[in-house]
Every structure is written in C-alpha cells, then in structure tokens.
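One structure is given here, and the rest of the page talks about it.
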Amino acid sequence: MTDSIYAAKPWLPLLSEAQRAPVHPAETLVHAFRDSVSRAPAHPALAYFDGRLSYRETDELSDSVAGHLAARGLERGDRVAIMLQNSPQFVLALLGAWKAGATVVPLNPMYKSGEVGHVLKDAEVTALICSDRAWDSYLRDTAAAAPTVRIAVTACELDFQSKNDERVLDFARLAAAEDADDLVAVAGQGLAAPAGRELTAADVALISYTSGTSGTPKGAMNSHGNIMVNAERQRTGHPIAEGSAYFALAPLFHITGMVCELAACLANAGTLVLAYRFHPGVVLDAFAEHRPAYTVGPSTAFMALAATPGVTPEHFASFQVISSGGAPLPPALVEKFREGFGPYIRNGYGLTECTAPCASVPPEREAPVDPVSGTLSVGVPGPDTVVRIIDENGADVPFGEQGEIAVRGPQVVSGYWRLPEATAAAFPDGELRTGDIGFMDHEGWLYVVDRKKDMINASGFKVWPREVEDVLYTHPAVREAAVVGVPDPYRGETVRAYVSLRPGASVEPDELGVYCKERLAAYKYPREVEILTELPKTASGKILRRELRSPR
C-alpha cells in the first residue's frame with residue numbers, strides 16, 4: 001500500500017484547512033448527543049411538522065425507551081430492528097436501543113414479509129420496533145416466525161405532531177395492540193437508561209443490510225467509530241453553524257440519512273427536520289417553514305423538487321450546503337438546478353460498507369466534468385482516506401485509467417455479519433473492493449463510471465449505462481433516465497433506455513434515440529427507448545435498473 005501511487009493523496013491540496021485538520025470524534029453518537037444536551041438542552045432536537053422535541057426531552061424519552069427494553073430482558077449486544085419512516089419515533093428508538101447497549105438493525109419500511117423475515121432470522125433480532133400499521137397488517141406473523149424475537153414495540157407516526165398532513169400522513173390511528181408495547185407510552189414512563197452498558201467506538205452500532213445490485217442481502221457491520229468519524233468530518237468540513245436545521249431528505253434507515261443527516265445534526269446540536277417520507281410538496285413546505293441549512297438526497301429527489309408546481313428559488317434560499325448521494329448525479333441536473341434555483345448541488349460518493357461518504361466535493365470548489373466521458377466527478381477523498389483505482393489483480397492502474405474503486409480508511413466496516421467468505425472477498429486486508437468502476441485524475445478528483453455488474457457488452461464493445469443516461473438528461477423533455485442491457489441475437493446485448501418526462505413535456509421515443517445517436521458512438525446509443533410515468537426506485541431514491549432488466 002505504501003508504494004501505491006494513490007498513497008501520496010494528490011487530493012489533499014483541494015481540501016480546505018478545516019477539512020485537512022484531524023478530527024476527534026466522540027466515542028459514539030450517544031456520547032455526542034449527550035454533549036449536545038448539556039450545551040443546548042432547550043434547543044429543538046427534532047421538528048416534525050408542527051411538533052418539536054427539545055434536546056432534553058429527546059434525551060429523557062430515549063432514556064425511558066432504553067430502560068423499558070432492558071426491563072423486558074434486552075441484553076447488551078442484542079439486536080434491535082427498527083422499521084420506521086423519518087419520524088421522531090425512529091430517533092427515539094435508535095437512541096434508546098443504543099443506550100440499552102444494543103446493536104441496531106435498520107429496516108426499509110418498504111420491505112415485504114419475506115425480506116423482513118430473512119433479516120430477523122439472520123441477525124437473530126431480539127426486539128422489533130415498527131409502525132402499528134405494519135405490525136397489524138403483516139409483521140406480527142413475520143415476527144412470530146422468527147425464533148429470537150421476543151420484544152415488540154409499535155409506534156403510531158401520527159404522534160408528536162397535530163398537523164396530520166394527508167399528503168403523507170394518510171392513515172388512521174389504530175387501537176393499541178395487546179401483543180406489543182406502545183412507543184409513546186414506553187417513552188413516557190420516565191425510566192432511566194440501564195447502567196453499565198456504555199458502548200465504545202469498536203462496538204457494532206448498525207447491521208445495515210445491503211444487496212448491492214443483486215444477491216442475498218448481507219449485513220454490513222458499521223461500528224460506532226465508523227459512524228462518528230464520518231459524522232465529525234461532515235460537521236467540521238461544512239460551514240454550518242451549531243444549532244442549524246438539517247432537513248432529512250434521505251431516509252434515516254439508509255446509511256446516508258443516518259450519518260450525514262441524523263448523526264452530523266445531533267453532534268452539531270442542530271434541529272433535525274423530519275417529514276415522514278418524501279413528497280415534493282411536503283418537502284418544499286418544510287423548507288419554507290424550517291429554513292434548513294443542509295440536506296442530502298438522491299438526484300431523483302432534486303429532479304422531483306425542481307418539477308413541482310410553485311417551486312421558487314426562495315424555497316432553497318436558506319441552504320448553505322446541498323449534497324447529493326445514493327444515486328448518480330447528472331451534470332445537466334446540476335446546471336439546470338443552479339440556473340433555476342440558485343444552489344450548486346455538491347456531489348458525493350459512498351457505500352453502506354464505508355458508512356456513507358468516502359469522497360465529496362469540498363464546499364469551496366465545484367466538481368469538474370470529464371471532457372471525454374462527460375462524467376461529473378463525485379469529489380475527492382478525505383485526508384484520512386485512501387481511494388485507489390485497481391485492476392483485476394488488485395494492482396494500481398495509472399491516473400486517468402478505469403478500474404475498480406477500492407477504499408481504505410476509518411469509515412470502512414470490518415466486514416459482513418457472520419459471512420467470513422464474503423468479508424474476505426470484499427475486504428482483502430481491510431480494503432473495500434466496491435464493485436464500482438471509476439478513475440481518478442492527477443489532481444485527485446474521483447469519477448464513478450458505473451457498477452461493474454451493469455456494464456453492457458454490445459458486439460464486444462463496453463457500454464457504461466451512466467454515459468448514455470447523462471446524454472439523455474441533457475434533453476429538455478427528460479426528467480429521469482435509466483439504461484440497461486437486454487439480450488440481442490446479433491449483438492449479444494443491446495442498449496435499452498427507460499425515461500420519464502418533465503411535467504408538460506412531450507417527445508417520441510424515436511426522437512430520443514436519434515438525439516443520443518447524434519451524441520454517442522454508434523454502439524452506445526439506445527436502439528430501444530420506452531417512456532414510463534415513473535421509473536422504479538428504492539426508498540432512498542436510487543433507480544432500480546435490475547427491475548427494468550427483468551422481463552416485462
């Protein structure tokens with residue numbers, strides 16, 4: 001590693017003095033949170049529509065959750081699964097579980113019974129905290145089939161607010177379940193957190209299940225140290241004053257929302273603004289009401305916000321930093337957004353396995369666009385991170401050449417939960433092999449080309465979907481784009497594009513094919529284009545190419 005051309009960290013001159021400075025993160029987020037409680041006890045920690053919880057209240061309520069879990073038999077090191085939307089209940093459950101000494105297993109609220117069942121069994125979950133509606137409709141049976149689950153806590157996400165915005169809170173309150181405890185009742189008991197369960201930086205904070213582009217989900221073990229070093233880099237590397245509002249655009253169960261929003265905000269004694277789930281109109285109303293200084297979300301969210309009727313530059317006037325992560329950011333979107341609304345969206349790159357960002361665009365700079373491929377840089381690594389571009393044998397490739405992106409640093413997890421072979425393959429000598437293809441220029445700017453598994457082989461030529469998608473995004477009618485390879489009897493594979501259109505826009509599929517043909521090599525342009533109302537996405541906003549590849 002020491003003789004690697006990337007070990008010299010050519011990106012260091014691109015970082016500000018504050019970004020290059022060493023960080024001294026708290027042992028865990030609970031420690032950082034308690035420090036914020038002591039500094040700003042009356043300051044709002046959580047804002048949920050018209051509801052507010054101060055740092056003192058959040059501390060006391062989560063203490064009681066911890067005390068209740070311990071009283072029900074939860075031991076230090078047990079796993080607590082949390083399956084909730086962006087709500088105060090999620091934060092109280094998270095802090096409560098950690099205060100009780102547990103490891104948290106965040107679950108996507110979009111998961112179906114089989115997906116939840118796999119995780120509950122694989123992680124040997126002891127306690128499940130979920131919405132009352134999910135418990136009533138299917139999780140009761142799912143949990144009953146998981147042999148280790150013996151504690152259930154349900155939450156009504158209408159609590160802690162009274163606005164009841166029907167655009168997202170379009171459900172009724174259920175009667176109390178006889179076989180599960182109610183989170184609000186539990187939090188209001190005034191219990192103390194159990195003593196002697198303090199966690200350390202080395203303890204596993206999260207088992208974050210990730211499947212990448214395919215395969216059985218694997219549980220990445222994010223330690224408290226992994227979380228805090230990235231949260232502290234976020235806090236110190238961005239010019240955001242203590243106490244500022246952070247808007248949770250990314251889901252909190254996703255590593256981006258967990259680290260860049262929740263952890264960075266609570267460590268900065270800020271106000272975490274929550275709006276249940278993404279709805280463009282609800283989000284814009286929250287921007288206008290709470291005037292946040294920071295948010296991070298996928299490019300698809302910014303596309304949706306920009307296309308919402310009534311959106312104006314004033315909605316974004318309070319932001320000091322807007323970041324994008326979790327999905328590719330087309331250069332055309334960055335420029336259209338800046339022209340229309342003012343802010344420059346700062347790109348970033350990371351994975352669950354490196355606890356969110358391992359590269360980002362410094363606040364004082366703008367990401368370059370590669371003149372050959374048209375790819376927007378995802379930024380530069382931090383001062384304590386080394387990103388290499390490697391060949392199939394793990395050797396460095398020269399600056400400017402494509403290869404697999406490998407990451408080494410304090411944010412990289414130790415491995416996958418109880419999967420030694422998968423850990424050995426993905427983390428040789430502790431270095432994460434991401435499965436993403438990219439390159440780095442001589443200055444240290446990192447460019448992500450695409451997922452290794454998403455490469456299209458058309459007549460022996462490599463076609464990276466991102467390059468075709470970036471061209472489609474320059475067309476004025478296109479809102480979203482996804483490109484996949486489909487079987488072709490002559491070429492082996494051919495390029496197919498799926499797009500959704502901007503409101504009021506109209507274009508024929510053949511026109512988009514011709515548009516790409518005029519701007520791409522003959523083997524790259526899409527032979528087939530299909531227009532959809534919406535493209536399939538994950539809850540974090542990433543477009544699901546694998547669903548588009550499936551037979552329709």
_Set of ring pair (Phe, Tyr, Trp, His ring centres under 6.0 Å) partners for Trp98, sequence neighbours left out_ = His224
_Residue pairs fulfilling ring-ring contact (aromatic ring centres under 6.0 Å, His included) with at least one residue in residues 38-93, sequence neighbours excluded_ = Phe33-Tyr55
*Among pairs that include at least one residue of residues 130-151, which meet ring-ring contact (aromatic ring centres under 6.0 Å, His included), considering only residues two or more places apart or in two chains?*
none
*Keeping to residues at least two apart or across chains, list the side chain to side chain donor-acceptor pair (under 3.5 Å) pairs with something in residues 108-118.*
Ser113-Thr142
*After noting the C-alpha distance and the side-chain angles of Asn230 and Thr355, does the key distance pass the side chain to side chain donor-acceptor pair (under 3.5 Å) rule?*
CA-CA 7 Å; Asn230 262 358; Thr355 321; 5.3 Å; no
*Pair listing, ring-ring contact (aromatic ring centres under 6.0 Å, His included) test, anchored in residues 149-186, at least two apart*: Phe171-Tyr276
*Under the salt bridge (Lys or Arg N to Asp or Glu O under 4.0 Å) rule, what pairs show up with a residue in residues 243-256, not counting sequence neighbours?*
none
_Listed partners of Asp159 passing salt bridge (Lys or Arg N to Asp or Glu O under 4.0 Å), at least two apart_ = Arg173
*Under the salt bridge (Lys or Arg N to Asp or Glu O under 4.0 Å) rule, collect the residues that match up with Arg39, sequence neighbours excluded.*
Asp35, Glu242
_Could you work out, with salt bridge (Lys or Arg N to Asp or Glu O under 4.0 Å) as the rule, every residue matching Asp50, not counting sequence neighbours?_
none
*asked:* Give me each pair satisfying salt bridge (Lys or Arg N to Asp or Glu O under 4.0 Å) with a member in residues 258-276, each pair once, sequence neighbours excluded.
replied: none
*Summary of ring-ring contact (aromatic ring centres under 6.0 Å, His included) pairs that have at least one residue in residues 242-275, sequence neighbours excluded*: Tyr246-Tyr294, Phe247-Phe287
*Could you pull out all residues at least two apart from Glu404 that satisfy salt bridge (Lys or Arg N to Asp or Glu O under 4.0 Å)?*
Lys452
